[in-house]
Amino acid sequence: MEGLNVRISGALFLVVLIAVGFMLYLSARDATSSLDAVAAVATDLREEGVTGIALDRSHALQMIDAMDSLLVSPDTIPDHVDDLKTFAATAAAWADAAPSPSTELRIAVALRKAAGELRSQALSPSTVHLMRARRYLGVAEDALEFAAMGGGG
């Protein structure tokens, strides 16, 4: 009787092991197809009319400093909407030329989001826009500092 129980439990263990292996196979296949779908969508999301240019780190630092000064005196933001449009367009060009994933792309996206939040602040003032802009500028600064230390993408 004991030998029969060992055989049954061994067979059940084998069935469970096969089921787990099959689930892992299906999960890996699903992940691969999801990554392929994301790559296809990301290619389609490239902004039309934007010509990619290489990130200029010193120019990025100047943009960060300029937007930081706007955060210090938010009442002057409406006077600088055209500058913010230029910052956003420049960051979009940097993002277009940056490989994905990369530190350059992270910097460009963060700067573009910061400029967008500051433009939103000009249209409808809110501390939320200022906090988001500050956070995005922090991300850009951290990424620039990481890249200067020789960090990878």
Under 4.5 Å between any side-chain heavy atoms of [X] and [Y], yes or no?
X	Y	answer
I107	E104	no
L55	T103	no
T90	D56	no
L105	W94	no
D96	I53	no
M67	R134	no
D68	E141	yes
K113	R132	no

Which heavy atom of [X] sits nearest a heavy atom of [Y], and at what distance?
X	Y	result
A108	A95	CB-N, 3.5 Å
L111	A91	CB-CB, 4.2 Å
H129	S124	CD2-O, 3.2 Å
L118	I77	O-CG2, 3.2 Å

If you round to the nearest 0.5 Å, how far is [atom2] of [Y] from [atom1] of [X]?
X	Y	atom1	atom2	answer
T76	L71	OG1	CG	9.5 Å
Q121	D75	CD	CG	10.0 Å
F87	I64	CZ	CD1	10.5 Å

> If you group Ile, Leu, Val, Met, Phe, Trp and Tyr by side-chain heavy-atom gaps below 4.5 Å, do M63 and L130 land in one group?
Replying inline: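 Yes; L130 is reachable from M63 via cluster members.
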> Can any side-chain N or O of S126 pair as donor or acceptor with the backbone N or O of V128 at less than 3.5 Å?
Replying inline: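 Looks like yes, one N/O pair under 3.5 Å.
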> So, H80 and D83: side-chain donor and acceptor under 3.5 Å apart, yes or no?
Replying inline: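 Short answer, yes.
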